Amino acid sequence: MFAIGDFARHGRVSVRMLRHYDAIGLLRPAHVDPHSGYRFYSADQLALLNRVIALKDLGFTLEQVGAILREELGAEELRGMLRLRQAELEAALEASRARLAQVGARLRAIESEGRMSTQDVVVKKVPAVRVAELSAVAASFGPQDITPVIGPLYEELCGRLESAGVTGFGPGIAYYTDAGSGDGAVVVHAAMAVPEGTAVEGVEVQVLPGIEEAATVVHRGSMDEILPTAQTLATWIDTNGYASAGYARELYLECPEDRAQWVTELQEPVVRA
């Protein structure tokens, strides 16, 4: 038997929490000294304590926890619930990281207002290229909507190309078209340059038309932080007598595992204003 302080230490909870659980009937001591009133717990009560804490972390109220435990929740059921909650928390954490990166990119764009360097912008002709592609709709052109769509598209595309035995494909080229829904949604095209004669089931293979005149700039870093570079390009277009003629393509020149080391060329079609 363990005194309440020792049991709290082994369970990694506070004594006050154990007293509260006792008061509401959620986790009673195994023994209470009738003279001193001291509470004592047995080692096998740690299993019940673990379930209480796990269910709390899943977001259940203590009243709901008590009801669930009275139904004698099995270990496998509890593991399933915990795995689901773990996946939800990981997804929320990843979304928070993405939002943090986007806030940082927006802040850098604000800080560089009026002093953006446009000396690296180059106008050139982009040749046509044969590509294999998959596409899907994103709710907007913002990174928070593009990133969750384009990543899985490229994973699926590369997997299909490899399974079909296609070699020598790449680099990746992402391009965008209006979804036509009137709500800002865009069609995301995840494409890879492929050799002539490539044919893969479930993958569209076509010649992506060239761009007669494209204003281009190289972005170094994660695509979640593309905003300052994209706005540098917009500034150059506006101040050099051009007008945008569509969404910028993204040519992925280098894509190491560390996304902060990516090198991407933005290619925005332009015409003389």
Side-chain angles (χ1 to χ4, degrees), residues 102 105-106 108-147 149-151 153-154 157 169-194 196 204-255 262-273:
Q102 291 155 23
R106 188 72 64 175
R108 283 189 291 278
I110 291 171
E111 289 174 340
S112 62
E113 285 175 0
R115 54 184 179 83
M116 290 182 178
S117 171
T118 57
Q119 62 185 11
D120 294 328
V121 175
V122 175
V123 176
K124 63 184 180 181
K125 182 175 182 178
V126 176
V129 59
R130 185 178 304 278
V131 298
E133 70 170 66
L134 294 175
S135 61
V137 175
S140 79
F141 195 51
Q144 73 279 2
D145 292 319
I146 296 295
T147 299
V149 173
I150 199 168
L153 282 178
Y154 268 114
L157 176 61
F169 59 85
I173 304 169
Y175 68 100
Y176 307 89
T177 53
D178 285 324
S181 55
D183 57 0
V186 295
V187 180
V188 180
H189 301 263
M192 299 290 290
V194 293
E196 188 172 353
E204 183 178 358
V205 178
Q206 64 168 331
V207 174
L208 184 62
I211 304 174
E212 191 62 31
E213 239 184 339
T216 67
V217 67
V218 173
H219 170 71
R220 291 175 172 80
S222 168
M223 292 303 291
D224 289 332
E225 301 177 356
I226 192 71
L227 185 66
T229 305
Q231 292 191 353
T232 291
L233 187 59
T235 299
W236 187 94
I237 291 171
D238 188 51
T239 58
N240 284 270
Y242 286 92
S244 175
Y247 291 100
R249 292 181 187 175
E250 297 158 4
L251 175 64
Y252 303 115
L253 300 172
E254 297 178 21
C255 299
W262 280 26
V263 179
T264 308
E265 183 179 72
L266 299 184
Q267 305 171 336
E268 185 159 347
V270 293
V271 294
R272 279 291 179 181

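These figures come from a predicted structure and were not determined experimentally.
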#### Entry: Validation row: Thr232, Asp120 side chains within 4.5 angstrom (heavy atoms)
no
### Query
Parallel under 30°, tilted from 30 to 60°, perpendicular over 60°: which one fits the rings of Tyr252 and Trp262?
perpendicular
#### Entry: OG1 on Thr229 to CD on Glu265, rounded to 0.5 Å
12.0 Å
### Task
List the atom of Val186, the atom of Ser140, and the distance in Å for their closest heavy-atom pair.
CG2-O, 3.7 Å
### Task
Please name the pair of heavy atoms, one in Ser244 and one in Ile237, separated by the smallest distance, quoted to 0.1 Å.
N-CG2, 4.0 Å
### Task
For residues Val121 and Thr235, determine if any side-chain heavy atom of one lies less than 4.5 Å from a side-chain heavy atom of the other.
no
## Note on the structure
Correct closest heavy-atom pair for His219 and Ser222 would be NE2-O, 3.0 Å
#### Entry: Non-hydrogen side-chain atoms of Tyr247 and Val187 separated by less than 4.5 Å
no
### CA sep, side-chain torsions, deciding dist, call: Leu251, Val126, side-chain contact (heavy atoms from CB on, under 4.5 Å)
CA-CA 11 Å; Leu251 175 64; Val126 176; over 6 Å; no
### Task
Mind jotting down which residue pairs meet the salt bridge (charged side-chain N to carboxylate O under 4.0 Å, His left out) criterion with at least one end in residues 231-251? Sequence neighbours excluded, please.
none
### Message
Measuring from atom CE of Met192 to atom CG of Leu157, what distance do you get when rounded to the nearest 0.5 angstrom?
### Response
6.5 Å
### Message
Give me the atom names and distance for the closest heavy-atom approach of Ala179 to Val137.
### Response
CB-CG1, 4.3 Å
Side chains of residues 206-214: which donor-acceptor pairs under 3.5 Å do they make with residues two or more places apart or in other chains?
residue : atom : partner : partner atom : Å
Gln206  : NE2  : Glu133  : OE1          : 2.9
Gln206  : NE2  : Tyr175  : OH           : 3.0

### Message
Looking at every heavy atom in both Ala230 and Leu266, which two are closest together, and how far apart are they?
### Response
CA-CD1, 3.9 Å
### Query
In Å, rounded to the nearest 0.5 Å, how long is the span from CD of Glu254 to CZ of Arg220?
8.0 Å
### Query
How far does OG1 of Thr216 sit from NZ of Lys125, to the nearest 0.5 angstrom?
15.0 Å
### Minimum heavy-atom distance between Ala138 and Val188, given as atom pair plus value
CB-CG2, 3.8 Å
### Query
Just by modelled atom types, is the Tyr242 backbone N or O under 3.5 Å from a matching donor or acceptor in the Asn240 side chain?
no
### Summary
Here the gap from Leu153 atom CG to Leu134 atom CG, rounded to the nearest 0.5 Å, amounts to 6.0 Å
### Query
How about His189 and Thr177: do any of their side-chain heavy atoms sit closer than 4.5 Å?
yes
